[in-house]
Amino acid sequence: MKAGERAQQNAERYAACLQSAEGRLRLDLSWANLRSALPARTAGLRVLDVGGGTGAVALRLAELGCEVTLVDASESMLELAERAAREAGVFARFRFKQADAAGL
């Protein structure tokens with residue numbers, strides 16, 4: 001199996017994990033903690049999500065009206081995040097950047 005295929009498979013496995021009951025619970029708890037720290041008015045807030053993977057949290061931020069730059073080292077993860085943003089109707093609020101966080 002080629003490295004690109006392996007990365008795509010890993011990204012899809014991670015996305016599927018987020019759909020499991022445990023994955024949804026973890027995401028919901030993380031979101032509740034983050035949401036409590038956000039200002040009441042989030043429209044137009046600029047957010048940098050480094051290592052954002054499939055964009056699960058970034059999507060919620062975009063749905064609140066935030067402008068999100070999602071950075072991840074994995075092209076496969078970014079592809080999943082882009083698809084999810086399109087499906088959620090918030091693609092226009094996103095910028096996607098493939099980069100290793102250590103190099104930022």
- Query: Can you tell if the side chain of L34 reaches within under 4.5 Å of the side chain of R60, non-hydrogen atoms only?
  - Reply: no
- Task: May I ask you to check whether over 12 heavy atoms, not counting those of E63, lie within 6.0 Å of atom CD?
- Result: yes
- Note on the structure: Note: A99 and V71 closest approach over all heavy atoms is O-CG1, 3.8 Å
- Query: Can you name the nearest heavy-atom pair linking A11 to T54, along with the distance?
  - Reply: O-CG2, 4.5 Å
- Any chain of hydrophobic side-chain contacts (each under 4.5 Å) joining V90 to L18? no
- Task: Please check if V68 and V57 belong to a single hydrophobic cluster, counting links between Ile, Leu, Val, Met, Phe, Trp and Tyr side chain heavy atoms closer than 4.5 Å.
- Result: yes
- Task: Identify the two heavy atoms, one from A81 and one from G53, that lie closest to each other, and give their separation to 0.1 Å.
- Result: CB-O, 3.8 Å
- Query: Who are the side chain to side chain donor-acceptor pair (under 3.5 Å) partners of N10, not counting sequence neighbours?
  - Reply: R13
- Message: Assess whether a salt bridge exists between R35 and D28, defined as any Lys/Arg side-chain N lying under 4.0 Å from an Asp/Glu carboxylate O.
- Response: no
- Query: What are the two closest non-hydrogen atoms of F91 and R86, and how far apart are they?
  - Reply: CZ-NH2, 3.2 Å
- Task: Write down the atom of A101, the atom of V50, and the distance for their closest heavy-atom approach.
- Result: CB-CG1, 3.4 Å
- Query: Are L45 and L64 joined in one hydrophobic group, where the rule is that I, L, V, M, F, W and Y side chains link up if heavy atoms are under 4.5 Å apart?
  - Reply: yes
- Out of curiosity, M77 CE to E12 CD, how far, rounded to the nearest 0.5 Å? 10.5 Å
- Same apolar cluster (I L V M F W Y, side chains within < 4.5 Å links), L70/L61: yes
- Item | Residue pair F94 / L59, side-chain heavy-atom distance below 4.5 Å | yes
- Between R83 and E87, is there a salt bridge with N-O shorter than 4.0 Å? no
- Item | Nearest non-hydrogen partners of S20 and G23, listed with the distance | OG-N, 3.0 Å
- Message: Has R24 got a side-chain atom pairing as donor or acceptor with Q19's backbone, closer than 3.5 angstrom?
- Response: yes
- Item | Shared hydrophobic cluster for L48 and L38 (ILVMFWY, side-chain gaps under 4.5 Å) | no
